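Read the structure below first, then the notes.
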Protein chains: 2
Amino acid sequence: MKLESRFWMTVDGKKVFGKGPCILLKNIDRLGSLNKAAREMNMSYSKAWSIIHGAERALGYALVETKSGGLDGGGSFLTVEAKRLVRAYEEFSKEAEELVNKLYEDYFKDF
Amino acid sequence: MKLESRFWMTVDGKKVFGKGPCILLKNIDRLGSLNKAAREMNMSYSKAWSIIHGAERALGYALVETKSGGLDGGGSFLTVEAKRLVRAYEEFSKEAEELVNKLYEDYFKDF
DNA sequence: TTTCGTTGTTCTTGTGTTAGTATAACGCCA
DNA sequence: TGGCGTTATACTAACACAAGAACAACGAAA
């Protein structure tokens, strides 16, 4: 029996940012392309696109800069705000998970 | 911008118990009836039933005792194991939420 | 000017989940 | 015995969500 946890940010009840968008952003950063990131994650392009732009609308600022055209077709790149957000969320959720897992051990050690 | 968190227990990846089943069990305990609890939560009886029995199957022990027939039609009542589980989960998740919210303030105070 | 792989956008299709319905069994009481 | 409000279970309809297709725009290079 194992604990799993999830953390996400909301603005008046609406989901704004969480694990899924965070992973997607990291993959976009690594691959330089929303298309490639979506394919690697077995996610449709349109789904990936709507995740990113839904988060942008909710947050009120851009997470990716895009470029279309050119030899390589273009690509997507994280804004500095997105990089900061990803870093903060990752560090936070890592530590939160550890904390919560310790607490779980305390409360459920004799279950 | 507010943090929301969710915690649930799993057995080899499968969800076993979490917030939803916990609330449902509390309502069953309070109302003495799965039917009444489901109606109060705007949930179909069949959905409520499958939540409870799915959790029982995954956990390997009974969470509710049921009685059908009689003047009042019967009802559902929590087993001692269910009461213990609900209490542990509630205390755990309350403290976990507080901890995680404090941590969130630290990491996101200047966002 | 053509080719290419992106982004951006809309629409249709399929799938999985949930609600809702139907039906039987139960047991106390009038 | 008949009525009632439960539990228990199966089946069907409706809805939400995701996949995927389709198509235009873009811009660098051949």
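Within every chain, numbering begins at 1; the chains are lettered A, B, ... in the order of the sequence lines, protein sequences first and strands thereafter. As the structure is a prediction and not an experimental result, all values here were calculated from the model.
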Short side-chain N/O contact to dA8(D) OP1/OP2 from T66(B), under 4.0 Å: yes
Full working for salt bridge (Lys or Arg N to Asp or Glu O under 4.0 Å) between E91(A) and R87(A): CA-CA 6 Å; E91(A) 287 174 4; R87(A) 191 166 47 241; 5.1 Å; no
Length of the CD-P vector between E65(A) and dG8(C), whole Å: 11 Å
d(CZ, R39(B); P, dT18(C)) in whole Å: 21 Å
Below 4.0 Å: OP1/OP2 of dT6(C) and any side-chain N or O of K36(A): yes
Presence of salt bridge, K94(A) and E90(A), under 4.0 angstrom: no
Interatomic distance, Y45(B) OH vs dA10(D) C1' [rounded to whole Å]: 13 Å
Contact nearer the 5' end of DNA chain D, comparing S68(A) with S68(B): S68(B)
Closest contact, heavy atoms only, V64(A) versus E56(A): N-OE2, 3.1 Å
same_hphob_cluster(L59(A), W8(A)) at 4.5 Å side-chain heavy-atom cutoff: no
Minimum-distance nucleotide (side-chain atoms of S33(B) versus dA19(D), dA8(D), dT7(D)): dT7(D)
Atom pair distance, as rounded to whole Å: CD1 in I51(B) and P in dT17(C): 13 Å
Among dT6(C), dG20(C), dT6(D), the nucleotide that comes nearest once only the side chain of N35(B) is considered: dT6(D)
Sugar-phosphate, base or nothing in reach of S76(A), heavy atoms under 4.0 Å: sugar-phosphate
Separation of atom CG in L24(B) from atom C1' in dT18(C), rounded to whole Å: 15 Å
Gap between atoms NZ and P, on K47(A) and dT12(C) respectively (whole Å): 20 Å
Residue met sooner reading DNA chain C from 5', once W49(A) and G73(A) are mapped to nucleotides: G73(A)
Audit row: R30(B), E40(B), salt bridge (Lys or Arg N to Asp or Glu O under 4.0 Å) steps and yes/no: CA-CA 11 Å; R30(B) 180 167 53 86; E40(B) 195 185 270; 2.6 Å; yes
Spacing of L63(B) atom CG relative to dA8(D) atom P, expressed in whole Å: 13 Å
Comparing N42(A) and L71(A) on DNA chain D - which has the more 5′ nearest nucleotide: N42(A)
M41(B) CE - dT18(C) C1' separation (whole Å): 14 Å
